[in-house]
Structures are given as structure tokens and as C-alpha cells.
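These notes are about the structure you will find just below.
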Amino acid sequence: MDKQFLKNFKFDIHSITSDSRKAGNGVIFVAIKGTKSDGHDFIHSAIEAGSNIIVCEKIPDGHFPNIEFIKVSDSAEALGYIADIHYGSPSAQMKLVGVTGTNGKTTVATLLYRLAMTMGYKVGLFSTVAIYINNEKYETANTTPDALTLNAIMRKMVDAGCQYCFMEVSSHAVVQKRIAGLKYKGAVFTNLTHDHLDYHGSFEIYRDAKKEFFDGLEKQAFALVNFDDKNGMVMIQNSNAEKYTYSLREMADFNMKTIEIINEGMLLSIKGKEFWTPLIGKFNAYNLAAVYGVAELLGWQQEDILINISKLKSVDGRVETIRIKDDVTVIVDYAHTPDALKNIIEAVNSFRKKGNRLIVVVGAGGNRDKTKRPKMAKEASNSTDIVILTSDNPRDENPEDIINQMIEGVPMDDRNKILSIVNRREAIRTACKMANKNDIVLIAGKGHETYQEINGVKYPFDDREIVKEFCY
């Protein structure tokens, strides 16, 4: 953001909005160019409602007496800095750590929050699942809220005594400047795989959106990246932050080793110290390496970290295990990308015993990246016994069309294991009824979500509750 803008911004702020319907006397209106509408088209409405300070990229034609226009190069970015000023720079009053990447953001951020809480700190969390201020939970609509919401809630966190805040940082939030003005103590990169290409247009643009987060870090911050992901070093090549790496395969600042993986958990080792975790899967070993690395970089003691990290349980909807009758194990997971699906299937197969079948229920979301649909079905059919393709959140699309697009990615030799059941409730019921003793049912795609979106309407739907309804 232009430093001159900050220097000159000396208005007393009563309230701020980017929604002309909330404009009024004493309310600063910030005109933002959005994906669906342009706030500049509503400047007149904001003025008529009583706002006399307008932040915009283009001053409208006409005569506007007693109206103060502040012209900026990027009004979305300006909103972040104005919000920071208005709420007293709350992010600078905590140690704020952002977590970005395709998979693992929710798990890493949430485990860091839980670890800090377990160690007795006061802490806040912004995640896909929920927002927390210490033990108080708030619902969330976006992985990373808008700039006004972020700063308002961070103000509450500071007032509640929070010393730390852990936040998922989505690629959308970066390019839409929702995190502008925030002061980060550290940033984590988990991995980069196929996702959100419907929004970004190409993998390179998606990658660069993640990288922009690291480019904006100050030299007092740390940047911790997954060295085993080829994009890890790309993230930090232009960053001013202190650079650190974690790895399961290469020499890094934080090397995690998997000693044993069973269905009850894993025995891991980091910096020569072993610890047990109830989490499963190599991808969770990566997540825990990131968590440990951040904890140490924040100055926490190794012994305290290891004692408490071993107490951490899986995040809601992430490899969440449910035991049902006849010794059938059902795993509910948020895996909604090809790579995430591959990882969870590999994790299950690492402890699945010979003769025990793996039945997978999976769909793909409507109005989202169509190119990943056949890739997801291909991953689902690999090293599994039965695959039931079904609805996810079809939104405004025909779920049968989505399923047909998924089937195109399944090799001909594997198509005999594919079933198509459009109704997700029926698909879950069928999978549970088909399972024999000691079989494993993996229900992927929605995880923690408690709704199903169909034609613009969100209906109550929780994979975990459906399992309990039909299969206990």
C-alpha cells in the first residue's frame, strides 16, 4: 500500500463499509471492484445514504459538495489498511501465523491452536471449520474472512488476552487483498496441488497467489515451507522473512521421520526425539512437522511441545474415524482434491490388512474446477475395491453430469468397481451395508460440512450423522 496514503489518512473513523446498503452518516464507504459487481457503481447510493468520505480508484463525474474523495490505486488493499487503523492494529498485538497451501491448512492451523491452548496460552483461530477466541466458537462462511471481519474479530481476540492467532490463508484471500495490512509473525506453506483453477485460470497463477503471501512478509517474520514440495522454495525465493524448511525426505531445519504407522496412530521422530500421535497417514506426519516447526520458531520449549503434541487428536472431518457394527471402520474426510484423495487412500492402505476391502464414497462440487473431476475419480479407483460416485455439493449443476465427467477419468480396467448413486444419503447407506467385517469405508469430500448445497439452497446434511443414522 502507498505509504503516502497511510500518512495522509487522518480521518476519525466511526464505521467502515464496502456495502452501499450499510453506508450512512459517519461511515466511510470503500468502493471495491468485486468478482460480481463494482462498488464504484454504488458511490452515488452511498453518498445519498449519508457517507461523506469515499475511498475509490476512480472519482465519479459530477459535483459533490462536502464529499471527501480519497483516490487510491487499489481500494481492496486500502480497505485492509483502513480496517487495521480503525481497530488499532490488533494483528500487531498478537503473534499472528498464517498457513497456506492446497491441503493441510485447516489441520495445521487447528493443531497449532489446540497445541497453544493445551500449553496454557490464550489464542485465536481462523479456519475453514470455525473461528475461535480461546474456547469460544464462532461460525465462519469463508476460509479467510474479509478485511473488516478479520480486524474486528482480531480486536476481540486481543481484548480477550490472546497472545497468538493462527489463520488459514486462502489464495482467494491473497488476491482479493483480504489480508492487506495484517502484521504476520510467521507463515507456513504446506503443499501445492490441483485446485481452484476455475477461479485462478491456471496452476501458475494459483501458485503465484500463494507466493504473494510470502512476498509480503516483513524481515522480522519467519517463513516455514515444505521442502519436499517442489514449490516450497519458490514460495520464499523473494521473501524478506527468515527462511526455514521441514521435510520427511531431505535434510531440512525440521526433519520428521516415520518410525511406525498403524491404524491407531503413528510413532514419529523429530530432532532425535520420538513421540506418539493418534493421527494417521504420511500427510499428517508433514502436518505435524509444520506444527512442531512453528512451535519451536515461536520460542516454545521442545519438551513441552512434544508432550503436548502427542495429545492432539484429529480435526473435525479430517480423517475422522467412526466404528460401526460388525467391526466396520468408517472414515470421514474432507479430501476434495485429487492429491488429498490419493493421500487419504494411501494412509488407509498403509494399515489395511489383506482381505479387508476399502469402499470409497466420493463426489465433486458443482460450479467449481471441472478439470479435477476425472482426476479425482481416477485416484479414487486406484488401490481400492469399490467406488461409489455420488453428489457432493452440486450447487447449480446437474449431479449426474458431474458424475459422468468423473467417470471419464477412470481407467477401463477399473470401471467394473464403479457404482453411481446420485443421492448421497443413499450412497453412504449402500456403502455401509456392503461392508463386511473389518472392511473400511471412506466417505470423502465434505468432511466437517453440515449441509448440502443444491440449486442455491443449503439443506442440512452431515456425512457423520448419516453414517450413525444408517449404520449403527
Side-chain angles (χ1 to χ4, degrees), residues 102-103 193-199 317 330-346 348-349 357-435 439-467 469-471:
T102 305
N103 301 312
T193 62
H194 190 129
D195 202 14
H196 299 308
L197 301 195
D198 57 311
Y199 178 83
V330 179
I331 297 173
V332 176
D333 191 75
Y334 189 55
H336 62 287
T337 68
D339 191 64
L341 203 53
K342 176 183 178 182
N343 287 339
I344 183 60
I345 290 172
E346 286 182 350
V348 173
N349 282 330
R357 298 180 303 169
L358 173 56
I359 303 170
V360 177
V361 178
V362 67
N367 302 107
R368 297 293 187 271
D369 186 359
K370 294 183 178 181
T371 63
K372 72 179 183 181
R373 294 172 183 174
K375 296 178 181 179
M376 288 183 65
K378 181 180 179 181
E379 293 296 350
S381 64
N382 186 31
S383 303
T384 60
D385 298 285
I386 300 171
V387 178
I388 302 177
L389 299 180
T390 188
S391 297
D392 189 284
N393 291 315
R395 298 184 176 89
D396 298 324
E397 287 194 67
N398 184 333
E400 291 183 356
D401 292 340
I402 297 174
I403 291 172
N404 289 334
Q405 291 166 19
M406 295 184 75
I407 290 174
E408 291 175 4
V410 180
M412 294 304 297
D413 291 346
D414 286 334
R415 292 199 179 184
N416 62 339
K417 68 172 72 170
I418 303 294
L419 296 177
S420 175
I421 302 176
V422 174
N423 185 292
R424 189 175 182 91
R425 179 185 296 270
E426 181 62 23
I428 293 172
R429 187 191 74 83
T430 300
C432 292
K433 296 301 181 184
M434 292 176 70
D439 284 350
I440 299 172
V441 177
L442 169 62
I443 303 172
K446 290 176 60 61
H448 66 281
E449 293 180 350
T450 56
Y451 64 88
Q452 187 172 33
E453 185 176 346
I454 303 172
N455 293 324
V457 180
K458 289 186 176 181
Y459 298 92
F461 196 101
D462 187 326
D463 286 350
R464 297 160 295 185
E465 294 303 317
I466 302 303
V467 170
E469 176 185 337
F470 284 127
C471 305

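When reading the values below, keep in mind they use all heavy atoms of this one structure, side chains included, and skip hydrogens, waters and symmetry mates.
By the 4.5 Å heavy-atom criterion applied to side chains, T102 and D339 are not counted as neighbours.
A side-chain hydrogen bond (donor to acceptor under 3.5 Å, both in side chains) with E469 is found for one member of R429, R464, R425 and no other, namely R425.
Closest approach of L358 and D385 over heavy atoms only: N-OD2, 2.7 Å. Taking every heavy atom of both residues into account, E453 and N393 meet most closely at N-OD1, 3.0 Å. The minimum heavy-atom distance between A377 and M406, with the atom names listed, is CB-O, 3.0 Å.
Here the side chain of R357 pairs no donor or acceptor atom with the backbone of V441 at under 3.5 angstrom. Side-chain atoms of R373 never come within 3.5 Å of backbone atoms of G409 as a donor-acceptor pair (strictly under, hydrogens ignored). Side chain of K372 to main chain of H336: a donor-acceptor pair is present (N/O by atom type, distance under 3.5 Å, no hydrogens or angles). Put simply, the side chain of N349 gets close to the backbone of S383: a donor and an acceptor are under 3.5 Å apart. Remark: the backbone N or O of V362 is not paired with any side-chain donor or acceptor of T390 at under 3.5 angstrom.
The existence of a salt bridge linking R424 and E449 is excluded, since no basic side-chain nitrogen approaches an acidic carboxylate oxygen closer than 4.0 Å.
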Verdict with reasoning, L442 to V361, per side chain to side chain contact (heavy atoms under 4.5 Å, CB included)
CA-CA 6 Å; L442 169 62; V361 178; over 6 Å; no

